[in-house]
K.L.:
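One structure is given below, represented as structure tokens, and several questions about it will come after.
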Amino acid sequence: MKHALRLRTAAAGATALTLAFALAACSGGSDGSETPNNDGQSNNSDNSSGEEITLRVGTFNEFGYKAAGLYDQYMEENPHIKIEEVLAAEAGEVMATVKSGLAAGSGLPDVQAIEGDWMPEFAQSASLFADLSDSSLDGRWPAYIVEPATVDGTLLGYATDTGPEAICYRQDLFEEAGLPTDRAEVAALLEGDWDRYFEVGKDFVAKSDKAWFDSAGANYQAMVKQVENAYENSDGTPMDLETNNTIKGLYEQIAKASVEDGLSAHFGQWGDDWFSAFQNGAFATMLCPAWMTPIIENSAAGVDGWNIADVFPGGGGNWGGSYLTVPAQGANIEEAKKLAAWLTAPEQTAKVFTEVGNFPSQIEAQQTPEVQDKVNPFFNDAPVGEIFANRAAAITVVPYVGPNFAAIHQTVQDALNRVDIEQSQSVDEAWQQAVADFKSLGL
Amino acid sequence: MTTVGSGSEVSTGHGWFYRTFRSAPARARWGRIDVKASPYLYVAPFFILFAVVGLFPLLYTGYLALHYWDILPTSPQQGDFVGTQNFLTELGQPKFWIALRNTFSIFLLSSVPQIMAATFIAAVLNANLRAKTFWRMSVLLPYVVAPVAVSLIFGKMFADRYGFFNAILEGIGLSPIAWHVEPLASHIAIASMVNFRWTGYNTLILLAAMQAINKDLYEAAIIDGAGRWRQFRSVTLPMIRPTMIFVIITSTIGGLQIFDEAVMFDSSRAGSSGGASGQFLTMTMYLRDLGWSGSVRNGFGRASAVAWMLFLLILVIGAINFLLTRTIASAGPKITREQRRTSRAAAKQAKQKVLRQQQSFRRNQLKGRDKQDASEGGQR
């Protein structure tokens, strides 16, 4: 039985094998940069004129470079460069591939895209990436984008897009509950901190049979990202969860709002039920980063009432965003750097935005007419470009995300899921288990 | 042949090529080598491949399991020998035991009903049916569907709130089942995906074994007055035993390595994999999270330890299944030890009796032959 499994085992074995050889090679020699080799290309990294160089760009999902014609444009302007795109089947697989490639010291594209969420982990292996810091690019990105990608003055990646968060809401459900429907009025109504957001939610659920928001976890995620040092000190050492009163306070705030005040629709984001809920109109608001709008549009096709308010509880919030990195193992690091810088320049990312909708992380790009004038008919002609540019500008906190962030965050997310989605534990019980889970992490 | 052999050195006037390859003794020698070595050469590609992608990773995983290891080195401890520490750490992890429980539960819920159903369906298909090929291909149909597609469909059916099964349950006035919350419910959901996909596959293998059974055995059984059930129990089951062992062992391996279905069932991406309390976290998922999530220090070392424990577990369960299959499927009703002893004794006596009879018969024959002498000759 399970030939697929066995095949996978074999594949995993093969991966482990390559890895093993590579590790052996690494421990034997110096670092992996000693064997520059790229598809049989010559080894000179400073291109003397006339020599054609092939640069491979590893992406996933939709970065929009091809769709916006950027590769063609770059190759036209730089005749000695040939660009090949390496598109991964799915984003999840990219992380493992990049890790294996870094450990092996070869095999990665010259320019590799990574998700911002993976940055804390790759930051621990900063020496395997080329330093992209370039004073001429100062001010291209706001601090909350550059800092997570910076390790001891080394810049690991150029940011591509970003996910400033606004509030998406159902104006039809608002109307039924006697709340204002106009997006400026809604923004004014919700202006304030999280308590304000939950207060309005209580008003809403009192007059409606729908829930106020989709999921406790999504809100908690946004709340945590507004804390400078959520789980770790700035030197990377973890704080004890049991005595972390900031986190405990946030946890109790969202858990109680979800369960005791009945504001949550009790969905887990990305679950089958969550997707179905858009058609069933189960909740009236949700936090939406810029990249969430097409997901809502697709899942809620045929529902008219969605709109976007230019407001976010507690100021600004960012969720997601990607970077282009240049692995140090590449043969043409200088050319790869140039290409990565060019692809993430405001003129180019504005084009990408028009083409596929990835919201640019560059301050200048956010102010271009392409972005500012964009309206989204599905969201009742909301000026999405302007709204998300304002939301990006409202972000003031740069949360510290160190090597232990993901593991600790998961224990609290699990607790919230038990309280909110599963409803299998009380707020206190779930917290106690989170503390126990934290202890068994052995950090 | 002009020259005459002078003992050890033979000068034939031919070159070394002739001597080593073409001459008669050389050809005989090569023939012997060919006969002896060729079979190994023919099976070598598999074993070389296995050594590279199977044995080496297995041993290397064992090496890693004894060391502090991360896929991307982050700690100065990287590569330190830690002995059995990784194993002990894992044995002390609550999640490890939860994963072990889930894996076993899903394995039992999938493999046992699956093989029983497969045997039954195979027996039915083995009977004289119209449009045989149609029925036989139909049972294999679910196997053709990609696992991810199966999981997508079942994911919608087993959804907690807007799921198909819960809609039916509520429709007939029962309370809905929280498929992703209750451990047992989630195991049943995952096991049903596995069963959907693999029952038909095992059915065909067992059917092939049943078709290879000699029809004379059934005729003999019918003459002895055996009914359908008795034939199945006393002829079919013992005769398909080797295939049964194969099916059970492979489904043990697959069942304990359950991964795809559980991962796809886990549609929520916030929080831990396998549910917020690890309701359906399996060993392989746990292993993956340790090694690749990046949030676990010494992840590869610990993941390797889990991998080795899973490997040993599969060996043990496989061996138990092998022994069980041998006893369960062996012919005849259960015999007590006492009965066996008496029957063994009786058999021994009978054997000796026959032996004695044979001996006396031979003696008589010889005597008779002496008497008759050469007049008639020995009739064989």
Side-chain angles (χ1 to χ4, degrees), chain A residues 1-2 4-6 8-14 16-17 19-20 27 95-96 99-100 102-103 118 121-122 124-125 128 215 217-218 221 266-274 276-277 280 282 403-407 410-411 413-418 421-425 433 436 440-443, chain B residues 49 52-54 56-58 60-61 63-64 71-74 79 89 92-95 111 114 147 152 155-156 158-163 178 180-182 194 198 201-202 247 250-255 257-260 267-272 275-279 284 292-297:
Chain A
M1 195 167 92
K2 314 255 157 50
L5 281 178
R6 256 188 259 152
R8 199 209 348 273
T9 319
L17 182 79
L19 201 68
S27 59
M95 189 182 192
K99 269 192 194 175
S100 307
L102 287 175
W118 309 337
E121 219 201 320
F122 289 126
Q124 296 175 73
S125 312
L128 300 176
S215 165
Q221 149 100 8
H266 311 299
F267 291 112
Q269 282 200 326
W270 315 112
D272 288 309
D273 283 331
W274 183 74
S276 307
N280 293 300
N404 301 305
F405 187 97
Q410 200 168 66
T411 61
Q413 276 284 12
D414 283 343
L416 271 178
N417 288 352
R418 287 190 293 272
I421 305 172
E422 300 185 351
Q423 301 177 49
S424 57
Q425 282 181 346
Q433 194 182 321
S440 65
L441 288 177
L443 297 173
Chain B
L49 206 65
V52 172
V53 302
F56 176 76
L58 190 74
Y60 196 73
T61 307
Y63 172 81
L64 290 185
I71 182 167
L72 287 178
T74 52
T89 308
Q93 288 286 321
K95 269 199 168 180
S111 290
Q114 188 187 120
L152 281 177
K156 290 255 180 280
F158 284 112
D160 291 0
R161 293 274 279 284
Y162 305 120
H180 289 74
V181 181
E182 295 297 324
V194 179
W198 291 98
Y201 176 82
N202 285 331
V247 166
T250 49
S251 74
T252 304
I253 295 169
Q257 290 180 346
I258 177 92
F259 183 78
D260 288 13
S267 52
S268 172
R269 266 170 267 169
S272 298
S277 315
Q279 288 94 328
T284 41
W292 280 270
S293 73
S295 55
V296 181
R297 300 299 118 219

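Residue numbers start from 1 in every chain, and the chains themselves are labelled A, B, ... in the order their sequence lines are given, proteins ahead of strands.
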K.L.:
So, using side chain to side chain contact (heavy atoms under 4.5 Å, CB included) as the criterion, who are the partners of K156(B) when residues are at least two apart?
P.N.:
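Partners of K156(B) under the side chain to side chain contact (heavy atoms under 4.5 Å, CB included) test: D272(A).
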
K.L.:
Quick check on Q279(B) against chain A: is it the side chain, the backbone, both or neither that has a heavy atom closer than 4.5 Å?
P.N.:
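Only the side chain of Q279(B) comes within 4.5 Å of chain A.
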
K.L.:
Under 4.5 Å from any heavy atom of chain B, what part of A277(A) do you find: side chain, backbone, both or neither?
P.N.:
both

K.L.:
For Q413(A) and G217(A), indicate whether the former's side chain and the latter's backbone hold a donor-acceptor pair under 3.5 Å.
P.N.:
yes

K.L.:
Which heavy-atom pair separates I71(B) from K99(A) by the least distance, and what is that distance?
P.N.:
CG2-CD, 3.6 Å

K.L.:
Under 30°, 30 to 60°, or over 60°: which ring-plane class applies to F56(B) and Y60(B), parallel, tilted or perpendicular?
P.N.:
parallel

K.L.:
Between A282(A), S440(A), A218(A), who has the most heavy-atom pairs with chain B when the cutoff is under 4.5 Å?
P.N.:
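Top count of heavy-atom pairs under 4.5 Å with chain B: S440(A).
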
K.L.:
In terms of heavy-atom pairs under 4.5 Å, which option from Q423(A), Q425(A), E121(A) contacts chain B the most?
P.N.:
E121(A)

K.L.:
Of the backbone (N, CA, C, O) and the side chain (C-beta and beyond), which part of R161(B) lies under 4.5 Å from a heavy atom of chain A, both, or neither?
P.N.:
both

K.L.:
Where on S125(A) is there a heavy atom nearer than 4.5 Å to chain B: the side chain, the backbone, both, or neither?
P.N.:
side chain

K.L.:
Tell me, side chain or backbone of A159(B) under 4.5 Å from chain A's heavy atoms, or both, or neither?
P.N.:
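Both backbone and side chain of A159(B) come within 4.5 Å of chain A.
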
K.L.:
Rounded to the nearest 0.5 Å, what's the gap from OG on S111(B) to CG on N202(B)? Could you check?
P.N.:
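S111(B) OG to N202(B) CG: 8.5 Å, rounded to 0.5 Å.
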
K.L.:
Does S215(A) use its side chain to pair, donor to acceptor, with the backbone of F267(A) at less than 3.5 Å?
P.N.:
yes

K.L.:
Once side chain to side chain contact (heavy atoms under 4.5 Å, CB included) is applied, do any residues pair with T89(B), and if so which ones, sequence neighbours excluded?
P.N.:
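Partners of T89(B) under the side chain to side chain contact (heavy atoms under 4.5 Å, CB included) test: Q85(B), Q93(B), R302(B).
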
K.L.:
Under a 4.5 Å heavy-atom cut-off, does chain B meet the side chain of E422(A), its backbone, both or neither?
P.N.:
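Both parts, backbone and side chain.
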
K.L.:
Quick one: what part of F122(A) sits under 4.5 Å from any heavy atom of chain B, side chain, backbone, both or neither?
P.N.:
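It is the side chain, since no backbone atom gets that close.
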
